[in-house]
Amino acid sequence: MYIVSAVLNGNKSTVALFDKEYKLLAKTEGTQQELCQLCLNVIAENGAKTADVDYIGVAVDGALGAPASVAAELEKNTGVKCCGASLIGAKALGEAYTAGDVPFLVDIKIDDKVECGVVSDKKIYFGMNQQEVNVSSMVIAFGGYECDCGRKGCFEAYASNSGLKRIAAEAGVAGAENLTHKELFAMNTPEAECAKKLYVEYLANGITNIINLFQPNELVLEGPFTEVGDALNAPMMDIILREQYTHSMPNKCNIRSANCEADTALIGAALLGR
């Protein structure tokens with residue numbers, strides 16, 4: 001038996017064929033509109049039939065619609081059972097698997113948005129409405145910045161790229177509207193120091209809340225803030241390690257950056273039906 005794995009990200013579809021041991025056999029790419037044909041092609045071009053495929057796992061970027069709807073449409077058009085999840089959920093599953101099937105892992109991606117995937121006992125965690133975890137709307141500053149979700153003071157409003165720029169602008173940093181993380185943390189003006197301190201505190205606050213809430217074995221971090229280095233990482237980790245309520249307990253969450261392997265999400269999608 002085989003497994004087909006698909007990742008939809010932007011207008012790009014990446015499709016792969018795995019054997020039952022999750023060994024990658026073939027991979028192809030195309031547009032979002034070509035997803036179904038790519039799945040059928042990767043099966044036929046490797047000497048298999050749709051009847052030989054156990055299932056298709058599809059990971060969908062949040063901007064492209066509900067994973068369940070994409071999976072249902074793909075199942076109808078291919079005749080193969082399909083399982084769907086968010087792209088960040090599949091990444092979390094792939095991170096857990098490639099790290100030795102970590103029993104409880106949380107993957108947080110912070111860029112223009114804040115996304116979170118939670119893996120427990122080799123499965124993505126879904127709530128009662130088959131929705132994955134949302135930490136972006138977790139309030140970390142009551143009555144603070146307005147978030148896209150309509151609430152005020154959300155984690156996303158402070159930790160995202162736009163949050164960084166807003167914090168920098170309010171601190172009086174020149175050119176704040178176009179700042180990147182690396183650029184801000186390379187500055188040494190009084191205004192930049194103030195902005196850096198505030199951003200790190202908000203970022204660490206949200207991450208600590210997530211660790212305290214889930215108590216995962218591993219926390220995986222993704223996004224431009226992870227590329228800054230010790231100027232951001234050292235003060236952030238100091239806060240996180242100090243404010244975890246398990247700081248005096250023997251077992252602590254392992255915090256690390258995401259693997260840079262391009263196939264992490266594909267592996268995660270391939271694992272959706274196991």
Side-chain angles (χ1 to χ4, degrees), residues 1-99 101 105 107 109 111 113 115-119 121-126 129-133 220 222 258-274:
M1 295 298 289
Y2 299 94
I3 298 162
V4 172
S5 169
V7 171
L8 275 177
N9 191 5
N11 192 42
K12 180 181 176 182
S13 294
T14 305
V15 175
L17 185 70
F18 289 83
D19 67 16
K20 62 180 182 180
E21 302 298 329
Y22 306 106
K23 178 183 177 182
L24 180 63
L25 302 175
K27 184 168 69 171
T28 186
E29 295 179 349
T31 66
Q32 177 186 347
Q33 293 73 24
E34 294 173 313
L35 175 62
C36 177
Q37 193 58 52
L38 289 170
C39 291
L40 294 173
N41 288 350
V42 81
I43 295 168
E45 290 171 2
N46 287 276
K49 300 177 181 178
T50 55
D52 300 322
V53 177
D54 198 12
Y55 59 86
I56 299 173
V58 57
V60 184
D61 175 51
L64 300 178
S69 299
V70 174
E73 183 70 14
L74 190 58
E75 182 169 326
K76 181 178 75 172
N77 292 328
T78 61
V80 180
K81 175 186 172 183
C82 292
C83 311
S86 70
L87 181 55
I88 188 65
K91 282 185 175 180
L93 202 55
E95 289 282 351
Y97 179 79
T98 56
D101 260 342
L105 180 143
D107 191 330
K109 183 180 180 183
D111 46 31
K113 298 287 185 181
E115 299 173 279
C116 181
V118 177
V119 172
D121 293 330
K122 303 181 182 181
K123 299 284 187 181
I124 298 174
Y125 175 80
F126 290 91
N129 293 310
Q130 286 302 295
Q131 297 296 305
E132 295 178 44
V133 168
V220 176
E222 301 186 46
N259 292 328
C260 294
E261 298 174 9
D263 293 334
T264 303
L266 277 174
I267 293 170
L271 296 164
L272 288 175
R274 70 169 176 175

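Quick caveat: nothing in here was measured; it's all calculated off a predicted structure.
Annotation: the span from Leu38 atom CG to Thr28 atom OG1 amounts to 5.5 Å, rounded to 0.5 Å. Between the CG atom in Asn9 and the CG atom in Leu87 there is a gap of 5.0 Å [rounded to 0.5 Å]. Annotation: the span from Leu105 atom CG to Lys122 atom NZ amounts to 14.0 Å, rounded to 0.5 Å. Summarising the geometry, atom NZ belonging to Lys27 is positioned 4.0 Å from atom CG belonging to Asp263; distances are rounded to the nearest 0.5 Å. How far OG of Ser86 is from CG of Leu8: 12.5 Å, rounded to the nearest 0.5 Å.
The closest side-chain heavy-atom distance from Tyr125 to Glu132 is not below 4.5 Å. Counting heavy atoms from C-beta on, the side chains of Ile267 and Tyr22 never come closer than 4.5 Å.
A salt bridge links Lys91 with Glu222; the closest basic N to acidic carboxylate O contact falls under 4.0 Å.
Residues Val42 and Ala26 share a closest heavy-atom pair of CG2-CB, 4.1 Å.
The side-chain contact (heavy atoms from CB on, under 4.5 Å) with Leu35 is formed by just one residue from the set Leu40, Val15, Val7; it is Val15.
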Which pairs would a plain distance check flag for residues 57-83, meaning a side-chain donor or acceptor within less than 3.5 Å of a matching protein atom at least two apart in sequence or in another chain?
| unit_1 | atom_1 | unit_2 | atom_2 | d |
| --- | --- | --- | --- | --- |
| Glu73 | OE2 | Asn77 | ND2 | 3.3 |
| Glu75 | OE1 | Cys82 | N | 3.0 |
| Asn77 | ND2 | Glu73 | O | 3.2 |
| Thr78 | OG1 | Leu74 | O | 2.8 |
| Thr78 | OG1 | Val80 | N | 3.2 |

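Residue pairs meeting the salt bridge (charged side-chain N to carboxylate O under 4.0 Å, His left out) criterion with at least one member in residues 38-57: none, sequence neighbours excluded.
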